[in-house]
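See below for the structure under consideration.
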There are 2 protein chains.
Amino acid sequence: METFKYRELQKLLKSQIIKGVYKEGDLLPSENELSFTHDMTRTTVRQALLIMEKDGYISKKKGKGSIVNPKKRRLGLLSFKGFSEVISHIDEKVNNQVLEGPVYQNWPEDFFYPLSEAESEAGCNFLHRLRFINQSPIMLEYTYIPNIDLPDFTKTKLVNDSLFLTLALNFDIEITSMDQEVRAIKADEELAVHLEVGVGEPILHVYRKYGTSRKEINIYSSLFFNTNSYAIGSYFQ
Amino acid sequence: METFKYRELQKLLKSQIIKGVYKEGDLLPSENELSFTHDMTRTTVRQALLIMEKDGYISKKKGKGSIVNPKKRRLGLLSFKGFSEVISHIDEKVNNQVLEGPVYQNWPEDFFYPLSEAESEAGCNFLHRLRFINQSPIMLEYTYIPNIDLPDFTKTKLVNDSLFLTLALNFDIEITSMDQEVRAIKADEELAVHLEVGVGEPILHVYRKYGTSRKEINIYSSLFFNTNSYAIGSYFQ
DNA sequence: GAGTGGTCTAGACCACCTG
DNA sequence: AGGTGGTCTAGACCACTCG
């Protein structure tokens with residue numbers, strides 16, 4: 001796989017923040033210090049820090065340093081990452097309930113995104129989950145992963161309940177991009193039951209397509225949110 | 001204001017794409033060529049192209065070049081830019097109807113974002129607009145701009161119906177970040193009338209806070225979308 | 001094989017922040 | 001005054017694309 005110096009440093013810093021080596025509000029070592037300790041130029045260090053900033057882990061201040069960002073206090077679900085990774089930054093208790101799968105099956109007819117020929121022929125691994133925050137159902141998720149070079153995927157246990165973490169650790173697949181469409185819809189009976197709202201109540205619906213480091217594999221999700229208690233947030237710069 | 005070489009090149013390339021000097025599918029001049037013609041190093045050229053890529057104007061392909069992206073065929077409204085700028089990339093006809101303002105007034109009580117003291121004291125310029133695509137009302141917009149160092153803002157005519165373009169050209173204010181919350185809600189009577197849906201129908205609601213190049217000024221919007229005909233899209237990488 | 005963008009080096013000067 | 005990140009220079013080697 002890719003083994004660039006800036007990527008290695010970025011992964012290291014990310015893991016150190018997640019492990020708590022650097023806590024929120026802390027300053028990372030300066031660019032000069034990192035370039036010295038990791039034997040690379042400041043340019044390469046800055047490339048790593050740029051990713052850390054883009055991914056929201058740090059903010060950089062001129063004259064000050066690179067500051068570890070506070071954990072998010074709301075759902076950043078319209079941004080890049082998956083549910084588990086984003087939600088783990090929140091104080092609330094999170095639960096998952098697998099309603100169906102992972103199971104190998106044919107693609108649904110009239111799938112919501114056009115598929116490549118390779119994806120169509122491979123069939124898909126399907127996963128149907130309901131996500132809770134503080135015992136309240138917040139998101140109903142239908143996920144489809146083309147079965148391309150994913151041996152025994154349906155037998156794989158999810159790492160930390162996170163699909164993306166599992167794909168990264170067990171299959172060396174990283175998410176590199178995301179495309180989505182958002183609508184407000186009325187809850188039908190199935191949605192109403194799962195998300196514990198009345199039939200006809202407004203629901204946030206998202207179609208999502210993730211690009212991965214394996215160019216032949218995209219991951220597709222259809223997501224339904226109950227936004228009565230938690231708004232869905234995002235930040236760009 | 002900021003006058004960096006990479007920023008100047010980036011503005012030039014952006015304007016050239018908008019003017020059609022480079023059309024969709026075209027290759028920009030190579031990094032080496034740009035560094036020669038603009039008398040800067042490739043590093044600086046790459047800094048400009050990085051912004052162009054982040055803003056979605058180009059895609060870069062190793063061994064190939066920087067390719068001008070096709071215009072978006074849908075509403076990228078959960079991403080960074082304003083309505084007019086995004087919508088201008090679409091084939092549909094767009095209209096605006098100003099329902100109220102721009103007018104100077106006090107901030108509403110219980111404003112949806114906490115305000116700084118300077119913002120509170122300055123009062124706000126208020127703008128209430130309804131946006132149409134192909135004669136259908138799509139978005140109802142309430143916008144609040146703190147009246148800090150904005151002489152005669154209420155008398156200023158909007159450039160191309162775009163608030164952001166007006167702020168950039170007349171007040172040298174650029175948008176640098178965006179923070180938003182998204183919910184699905186039920187249309188009340190006012191929403192129903194403006195967006196031409198039934199009372200109680202699902203509506204997409206967005207609270208938005210824009211950061212600007214003037215750190216003391218943030219722009220606030222409350223947006224309501226009818227997503228029956230047009231989904232709201234976004235893309236990240 | 002020539003040209004492209006991706007990675008990386010080894011410096012420099014600057015504006016900004018803090019003690 | 002010393003350290004920080006922001007900008008910029010002048011190179012280098014590589015993997016990839018295309019004719």
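Numbers restart at 1 for each chain; the letters A, B, ... are given by sequence-line order, proteins then strands.
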Counting only side-chain N and O atoms of [X], is one of them less than 4.0 Å from OP1 or OP2 of [N]?
X: B:R46; N: C:dG5; value: no
X: A:Y6; N: C:dC8; value: no
X: A:K64; N: D:dG3; value: no
X: A:T44; N: C:dT9; value: yes
X: B:S66; N: C:dT4; value: no
X: B:T41; N: D:dG11; value: no

Would you mind reading off the distance between [X] atom [atom1] and [N] atom [atom2], rounded to a whole angstrom?
X: B:E33; N: C:dA2; atom1: CD; atom2: C1'; value: 15 Å
X: B:I67; N: D:dT17; atom1: CD1; atom2: C1'; value: 11 Å
X: A:D39; N: C:dC8; atom1: CG; atom2: C1'; value: 12 Å

5'-most contact on DNA chain C: B:K60 or B:G63, nearest heavy atom basis?
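Looking at the nearest nucleotide for each, B:G63 comes out on the 5' side.
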
Out of C:dG6, C:dT9, D:dT4, whichever nucleotide has its closest atom nearest the side chain of A:N32
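Minimum distance to the A:N32 side chain belongs to D:dT4.
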
Please pick, from C:dC8, D:dT7, D:dT9, the nucleotide with the shortest atom-to-atom distance to any side-chain atom of A:K5.
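Selected nucleotide (nearest to the side chain): C:dC8.
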
Give me the ring orientation class for B:F164 and B:Y210: parallel if the planes are under 30° apart, tilted from 30 to 60°, perpendicular past 60°.
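It falls in the perpendicular class, over 60°.
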
Base D:dG6 paired with B:R7 side chain (donor-acceptor, <3.5 Å)
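Result: no qualifying N/O pair found.
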
Is the distance between the ring centroids of B:F111 and B:Y220 less than 6.0 Å?
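Yes: the rings meet the under 6.0 Å criterion.
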
Do B:K60 and B:E53 meet the salt-bridge criterion of a basic N to acidic O distance under 4.0 Å?
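A salt bridge is absent here (no side-chain N lies under 4.0 Å from a carboxylate O).
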
Please classify the nucleic acid contact of B:S30 as base, sugar-phosphate, or nothing, using heavy-atom distances under 4.0 Å.
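Sugar-phosphate: the residue B:S30, judged by heavy atoms under 4.0 Å, touches backbone atoms but no base.
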
